[in-house]
Amino acid sequence: MKNISVAIDGPAGAGKSTVAKAVAKKMDLLYIDTGAMYRAVTFLVLKEGIDIIDEQMIIDIAKNTTFNFSTDGSEIFINGENHSKEIRTPRVSEKVSLVSKIGDLRTVLVNAQRKLAENHDVIMDGRDIGTHVLPQADLKVFLTASVEERATRRFEELSKDNQAESVSFDAVKKNIIQRDSIDSNRDQAPLVKAEDAIEIDTTTLRTNEVVEEIIKLIRKIQR
Ligand code: CDP
């Protein structure tokens with residue numbers, strides 16, 4: 001039987017990974033967090049002190065890095081080491097969209113993402129999944145929420161991780177607005193809703209309501 005693929009796209013902090021992870025668990029799908037891969041490369045770039053204009057070095061890093069995920073998709077292993085927390089620091093968030101603009105880097109990561117998805121029922125989240133990584137996905141969802149709500153959610157997440165001391169709510173909001181702008185205006189595979197994607201505005205919805213809505217949509221395509 002053909003494998004099922006679900007694409008979840010949307011702007012920063014719209015709740016994609018929380019929702020995708022929960023849907024994956026309930027529907028027994030493999031969850032692939034593509035943002036974690038762009039963050040992982042950015043983490044390595046910062047760790048090695050590489051200048052963002054040195055594109056070839058960044059592409060080489062991505063080519064020579066192995067990315068593995070824990071079974072539930074929530075932890076990322078970069079060259080075998082768990083760096084799930086370090087990739088979500090405000091420092092990485094500040095630079096990740098600039099790194100993600102590099103076209104040839106995207107090609108390397110997209111190939112790796114398609115490989116991870118091979119022969120599995122998958123749910124993959126990111127910015128270009130429905131438009132570019134899995135254009136034949138059986139279901140495409142575009143999650144949105146107001147900027148205020150997205151910044152609030154992200155700030156709360158950082159507070160839980162004890163990282164909020166290093167950043168203010170306004171700085172988190174500014175970063176989200178900046179990233180959305182860079183992600184939407186880049187040349188290769190920008191953030192845009194696929195024509196055939198179903199948009200869900202999550203501003204006033206609880207996580208479980210969004211999860212249930214997506215599960216309903218998956219059940220429809222399984223029929
Ligand atoms: O979790 P959040 O919405 O903040 O972002 P993320 O999914 O972790 O992605 C971090 C950044 O990676 C985004 O702002 C994009 O610059 C980049 N990204 C991308 O370009 N394409 C993807 N498929 C996923 C992420």
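For ligands, and for the atoms within them, numbers begin at 1 and follow the listed sequence. Because the structure is predicted, anything quoted here is derived from the model rather than measured.
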Option among Thr203, Asp180, Thr144 that satisfies the side-chain hydrogen bond (donor to acceptor under 3.5 Å, both in side chains) test with Arg150: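 By the side-chain hydrogen bond (donor to acceptor under 3.5 Å, both in side chains) criterion, Arg150 pairs with just one of Thr203, Asp180, Thr144: Asp180.
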Member of Asp9, Thr131, Asp196 meeting the side-chain hydrogen bond (donor to acceptor under 3.5 Å, both in side chains) criterion with Lys140: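 Passing option: Asp196.
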[atom]: nearest protein contact (heavy atom, Å):
atom	value
atom 24 (C) of ligand 1	Thr34 OG1, 3.4 Å
atom 18 (N) of ligand 1	Tyr38 CD1, 3.6 Å
atom 7 (O) of ligand 1	Arg127 NH1, 3.2 Å
atom 23 (N) of ligand 1	Asp128 OD1, 2.8 Å
atom 17 (C) of ligand 1	Ser100 OG, 3.3 Å
atom 8 (O) of ligand 1	Arg39 NE, 2.7 Å
atom 14 (O) of ligand 1	Asp183 OD2, 2.7 Å

Backbone of Asp54 reached by a side-chain donor or acceptor of Asp51 within 3.5 Å: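 The answer is no, because no donor-acceptor pair under 3.5 Å joins these two groups.
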Backbone or side-chain N or O of Ala14 under 3.5 Å from ligand 1 N or O: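 No; every N/O pair is 3.5 Å or more apart.
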Residues which pass ring pair (Phe, Tyr, Trp, His ring centres under 6.0 Å) with His83, listed by chain and number, not counting sequence neighbours: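 Partners of His83 under the ring pair (Phe, Tyr, Trp, His ring centres under 6.0 Å) test: Phe43.
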Salt bridge check, [Y] against [X]: does any charged N sit closer than 4.0 Å to a carboxylate O?
X	Y	value
Glu157	Arg154	yes
Arg106	Asp128	yes
Asp138	Lys2	yes
Glu212	Lys26	yes

Contact atoms of ligand 1, heavy-atom distance to Arg179 under 4.0 Å: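 The list of qualifying atoms is 2 (P), 4 (O), 5 (O), 10 (C), 11 (C), 13 (C), 14 (O).
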For Arg186, the ligand 1 atoms whose distance to one of its heavy atoms is below 4.0 Å: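 Once the distances to Arg186 are compared, the set is 19 (C), 20 (O), 21 (N).
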Any heavy atom of [X] closer to ligand 1 than 4.0 angstrom?
X	value
Ser17	no
Arg106	yes
Met37	no
Lys16	yes

Identity of the nearest option to atom 1 (O) of ligand 1, non-hydrogen atoms only, from Glu157, His132, Arg154: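 Of the listed residues, Arg154 has the closest heavy atom.
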Side chain proximity check, Ser5 to Gln136, heavy atoms < 4.5 angstrom: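 Side-chain contact under 4.5 Å: no.
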Within residues 98-140 or reaching into it, pairs that qualify as ring-ring contact (aromatic ring centres under 6.0 Å, His included) - sequence neighbours excluded: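 Sorted result for residues 98-140: empty, none.
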